[in-house]
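Below is one structure, written out as structure tokens, with a few remarks after it.
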Amino acid sequence: MKKAIFPGSFDPITKGHEDIVQRAIPLFDEIVVAVGVNSTKNNLFSLEQRLDWIRETFANEPKVSFTTYQGLTVDFCKEQKANYILRGLRTSADFEFERGIAQMNKAMVSEVETVFIISSPELSAITSTIVRDIIKNGGNVSAFVPSAIKIK
């Protein structure tokens, strides 16, 4: 069974995240969207809200599940019996950052491979950070988040 973990904070989940998962569905038997819990990070949205949005976004995708985790992603992969980490790449800077993490993960747990999917060009500018800034300033983010999400 090919099981992938798609880790992130998803604060909030964006159309870019949704697109990466949708495009990865044919590649894996199961994809776990895993919300990393970091007590030192100040998230805009509660963990419960982020999980609800992920549930709503992938409600019609039986191969997609979701959960939370703490600690190293590779340790979570071992716990979940997942041999793949799924990551999206928007820019060459993302690649350089993610490559280092992937290499360290591989050094720690050799059975876990990182699979990169290049973002769709029309979604490559979307980041959770920018979406949060738009929300904080009262802007409309409906073009940047999955249709299941209604943010006022």
Side-chain angles (χ1 to χ4, degrees), residues 1-133 141 144-149:
M1 178 161 152
K2 293 181 184 174
K3 185 175 185 179
I5 303 297
F6 185 43
S9 62
F10 306 103
D11 187 35
I13 189 169
T14 68
K15 282 189 175 180
H17 296 129
E18 179 184 30
D19 181 61
I20 295 297
V21 172
Q22 292 289 350
R23 291 170 48 213
I25 287 172
L27 305 176
F28 299 102
D29 299 308
E30 181 180 357
I31 299 171
V32 179
V33 180
V35 181
V37 177
N38 183 341
S39 61
T40 63
K41 191 170 182 181
N42 292 323
N43 294 299
L44 183 59
F45 298 101
S46 71
L47 180 60
E48 295 75 23
Q49 179 64 80
R50 290 179 280 150
L51 289 170
D52 285 346
W53 283 335
I54 293 166
R55 179 184 307 110
E56 291 171 31
T57 299
F58 300 109
N60 297 320
E61 294 297 344
K63 291 170 77 174
V64 178
S65 62
F66 60 92
T67 192
T68 63
Y69 76 102
Q70 291 183 312
L72 295 174
T73 303
V74 289
D75 289 341
F76 181 67
C77 287
K78 288 192 304 187
E79 176 186 311
Q80 292 288 308
K81 297 179 177 41
N83 286 339
Y84 302 93
I85 297 173
L86 176 63
R87 299 298 292 161
L89 298 176
R90 294 178 311 250
T91 66
S92 58
D94 281 355
F95 172 74
E96 290 302 326
F97 177 76
E98 294 289 346
R99 179 176 56 109
I101 294 171
Q103 289 172 328
M104 295 300 288
N105 285 339
K106 187 74 171 162
M108 288 186 288
V109 180
S110 63
E111 305 84 40
V112 175
E113 291 289 347
T114 301
V115 176
F116 297 117
I117 294 184
I118 305 296
S119 68
S120 296
E122 67 275 13
L123 301 174
S124 65
I126 301 172
T127 69
S128 291
T129 302
I130 294 171
V131 171
R132 282 193 306 272
D133 194 43
V141 295
F144 313 119
V145 296
S147 59
I149 299 175

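Below, each value reflects all heavy atoms present in this structure, side chains not excepted, and no hydrogens, waters or symmetry copies.
- Taking CG from Asn42 and CG from Asn38, the interatomic distance works out to 9.5 Å, rounded to the nearest 0.5 Å.
- Partners of Ser147 under the side-chain contact (heavy atoms from CB on, under 4.5 Å) rule, at least two apart in sequence or in another chain, do not exist in this structure.
- Pro146 has its side chain out of reach of Glu56: every pair of non-hydrogen atoms, C-beta onward, lies at least 4.5 Å apart.
- Using modelled atom types, no side-chain atom of Thr14 and backbone atom of Val145 make a donor-acceptor pair closer than 3.5 Å.
- Two residues are said to be in side-chain contact when any heavy atoms from C-beta on lie closer than 4.5 Å; Arg50 and Asn43 meet this criterion.
- For residues 111-120, the side chain to side chain donor-acceptor pair (under 3.5 Å) pairs, not counting sequence neighbours, are Asp19-Ser120, Arg23-Ser120, Lys106-Glu113.
- Contact annotation: the side chain of Ile31 never approaches that of Glu61 to less than 4.5 Å [non-hydrogen atoms, C-beta and beyond].
- At least one donor-acceptor pair closer than 3.5 Å links the side chain of Arg87 to the backbone N or O of Pro7.
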Applying side-chain contact (heavy atoms from CB on, under 4.5 Å) to Val109 and Leu72, what does each step give before you reach the verdict? CA-CA 11 Å; Val109 180; Leu72 295 174; over 6 Å; no
Evaluate side-chain contact (heavy atoms from CB on, under 4.5 Å) for Phe144 paired with Ile130, printing each intermediate quantity in order. CA-CA 10 Å; Phe144 313 119; Ile130 294 171; over 6 Å; no
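- Under the 4.5 Å side-chain criterion, counting only non-hydrogen atoms from C-beta, Val112 is not in contact with Asn105.
- In this structure, the separation between CG on Leu27 and NZ on Lys63 is 8.0 Å, given to the nearest 0.5 Å.
- When the shell of 6.0 Å around CE of Met104 is examined, it contains 12 or fewer heavy atoms from other residues, nucleotides or ligands.
- With sequence neighbours excluded, the residues that form a ring-ring contact (aromatic ring centres under 6.0 Å, His included) with Phe76 are Tyr69.
- Within 6.0 Å of CG on Asp29 lie more than 12 heavy atoms contributed by other residues, nucleotides or ligands.
- The CG atom of Leu89 sits 11.5 Å away from the OG atom of Ser124 when rounded to the nearest 0.5 Å.
- Within the 4.5 Å cutoff, side-chain heavy atoms of Arg132 are placed close to those of Asp11.
- Side-chain contact check for Lys81 versus Lys3: every heavy-atom pair is 4.5 Å or farther apart.
- Considering OG of Ser65 and CD1 of Ile5, their distance stands at 7.5 Å, rounded to 0.5 Å.
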Are Phe66 and Ile13 close enough, and set up right, to give a side-chain contact (heavy atoms from CB on, under 4.5 Å), and what steps lead you there? CA-CA 12 Å; Phe66 60 92; Ile13 189 169; over 6 Å; no
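- Note that CD1 of Ile101 and OG1 of Thr73 are 8.5 Å apart. Values are rounded to the nearest 0.5 Å.
- Tyr84 and Phe28 have their aromatic ring centers within a separation under 6.0 angstrom.
- Between Lys15 and Glu18, none of the side-chain N atoms (NZ, or NE/NH1/NH2) sits under 4.0 Å from a carboxylate O, so this pair counts as no salt bridge.
- Ser9 OG to His17 NE2: the interatomic distance, rounded to the nearest 0.5 Å, is 7.0 Å.
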